[in-house]
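These notes are about the structure you will find just below.
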Amino acid sequence: MRFNLNLKKKIQRFCLLLICLVVLIFQSDIPNLKALTMDNFQSEMVIEELRLKVPADVKAAWLNAEKEIWEPWLSSQDGFLGRQLFWDKEKEEALILVNWKSKKLWKSIPISEVNVVQQKFEDNVKAALNVGDNPFELIYVGELDKQR
């Protein structure tokens, strides 16, 4: 009888332990376990977003400089997938969306190299418009991640 009582207590403890274990497992935040690590995120496609003030009277110079300066340089960059240019007539703002194969490839481009291309762009615009300053104010720089 005593052996039977000990066995019954052991089975009860085992069941209690099993129930606690099941509760703990299902209480964990499973979506976080499946989330991408930051290193993996670096290999996902990303879109660079730029907003510029582009007055209507100098829009043609902006488009020409984009085509002559930024387009060839971007096309030669590893990871560049393409870009889209938009212009809002009411706000006189440009939206530039640059598609990159990965954030890692995009961010591996030295900022000094980007600054050289930006200077060429500004020189092109200033010469075309015969002005001393770049008329295109940078309003916003950001990035967009593709959603699944």
Side-chain angles (χ1 to χ4, degrees), residues 9-148:
K9 282 186 178 183
K10 287 183 180 184
I11 290 174
Q12 286 176 341
R13 286 181 183 157
F14 176 76
C15 288
L16 182 60
L17 183 64
L18 188 61
I19 290 170
C20 289
L21 185 62
V22 168
V23 168
L24 284 174
I25 288 172
F26 287 105
Q27 289 295 322
S28 66
D29 195 2
I30 300 298
N32 281 346
L33 296 175
K34 294 180 181 178
L36 291 174
T37 63
M38 290 306 286
D39 290 338
N40 288 341
F41 180 72
Q42 293 285 321
S43 66
E44 295 289 315
M45 183 186 143
V46 66
I47 299 172
E48 177 183 8
E49 178 185 6
L50 303 159
R51 292 184 185 273
L52 307 169
K53 189 72 178 162
V54 179
D57 60 332
V58 292
K59 178 183 158 199
W62 166 67
L63 286 171
N64 187 58
E66 287 285 346
K67 184 177 181 178
E68 288 184 7
I69 307 300
W70 281 112
E71 194 170 299
W73 181 81
L74 284 168
S75 296
S76 71
Q77 298 306 304
D78 189 25
F80 174 73
L81 298 176
R83 70 182 181 143
Q84 296 174 295
L85 305 175
F86 300 93
W87 188 69
D88 183 327
K89 181 169 59 172
E90 289 180 22
K91 293 181 180 179
E92 293 190 333
E93 285 182 11
L95 169 63
I96 304 168
L97 300 176
V98 184
N99 299 311
W100 295 97
K101 186 175 182 179
S102 72
K103 186 173 182 175
K104 185 176 181 178
L105 289 171
W106 168 34
K107 295 296 184 176
S108 69
I109 300 169
I111 193 69
S112 58
E113 192 175 329
V114 173
N115 289 339
V116 168
V117 178
Q118 177 63 28
Q119 190 59 55
K120 287 179 184 177
F121 172 83
E122 291 180 19
D123 291 345
N124 179 296
V125 169
K126 290 189 277 188
L129 298 174
N130 197 24
V131 294
D133 294 321
N134 177 18
F136 310 122
E137 174 192 350
L138 183 62
I139 299 169
Y140 175 80
V141 177
E143 60 188 69
L144 303 167
D145 300 316
K146 185 174 182 178
Q147 301 299 299
R148 295 183 236 353

Side-chain polar contacts of residues 77-85 - donor-acceptor pairs under 3.5 angstrom, sequence neighbours left out - could you list them?
| residue | atom | partner | partner atom | Å |
| --- | --- | --- | --- | --- |
| Q77 | NE2 | W73 | O | 3.3 |
| R83 | NH1 | E66 | OE1 | 2.5 |
| R83 | NH2 | E66 | O | 3.1 |

>> For a 4.5 angstrom cut-off between non-hydrogen side-chain atoms, does E143 reach W106?
In response: yes
>> For V54 versus A94, what's the shortest heavy-atom pair and its separation?
In response: CG2-CB, 3.6 Å
> Looking at E48 and W100, what are the two nearest heavy atoms and their distance?
Replying inline: OE1-NE1, 3.1 Å
> Considering all heavy atoms of both residues, which atom of A61 and which atom of V125 are nearest to each other, and what is their separation?
Replying inline: O-CG2, 4.3 Å
> Taking atom NZ of K103 and atom CG of L105, what is their separation to the nearest 0.5 Å?
Replying inline: 13.0 Å
>> Looking only at the side chains, is there a donor atom on one of Q119 and D123 sitting less than 3.5 Å from an acceptor on the other?
In response: yes
> At what distance, to the nearest 0.5 angstrom, does CG of L129 lie from CG of N134?
Replying inline: 9.5 Å
> What heavy-atom pair brings P55 and P135 nearest, and what distance separates the two atoms?
Replying inline: CD-O, 4.1 Å
> In Å and rounded to the nearest 0.5 Å, what is the CZ to CG distance from F136 to L50?
Replying inline: 14.0 Å
>> Looking at K91, is its backbone amide N or carbonyl O close enough to the side chain of K53 to form a donor-acceptor pair, meaning the two atoms are under 3.5 Å apart?
In response: yes
> Judged by atom type as modelled, is there a donor-acceptor pair below 3.5 Å linking the side chain of E92 to the main-chain atoms of A56?
Replying inline: yes
> How about N115: does its CG atom have over 12 heavy atoms from other parts shown lying under 6.0 Å from it?
Replying inline: yes
>> For the backbone of L52 and the side chain of W62, can you confirm whether one donor and one acceptor N or O come within less than 3.5 Å of each other?
In response: no
> In Å and rounded to the nearest 0.5 Å, what is the CZ to CG distance from R51 to L138?
Replying inline: 11.5 Å
>> What's the separation between atom CD1 in I69 and atom CG in L74, rounded to the nearest 0.5 Å?
In response: 11.5 Å
> Out of curiosity, E93 CD to F86 CZ, how far, rounded to the nearest 0.5 Å?
Replying inline: 14.0 Å
>> With a sphere of 6.0 Å drawn around NZ of K126, does it hold more than 12 non-hydrogen atoms of other residues, nucleotides or ligands?
In response: yes
> Passes side chain to side chain contact (heavy atoms under 4.5 Å, CB included), V58 versus V131? Steps please.
Replying inline: CA-CA 11 Å; V58 292; V131 294; over 6 Å; no
>> Is any side-chain heavy atom of N99 closer than 4.5 Å to one of M45?
In response: yes
>> Just so I know, are the side chains of E68 and F121 near enough to count as touching, which here means a heavy-atom distance under 4.5 Å?
In response: no
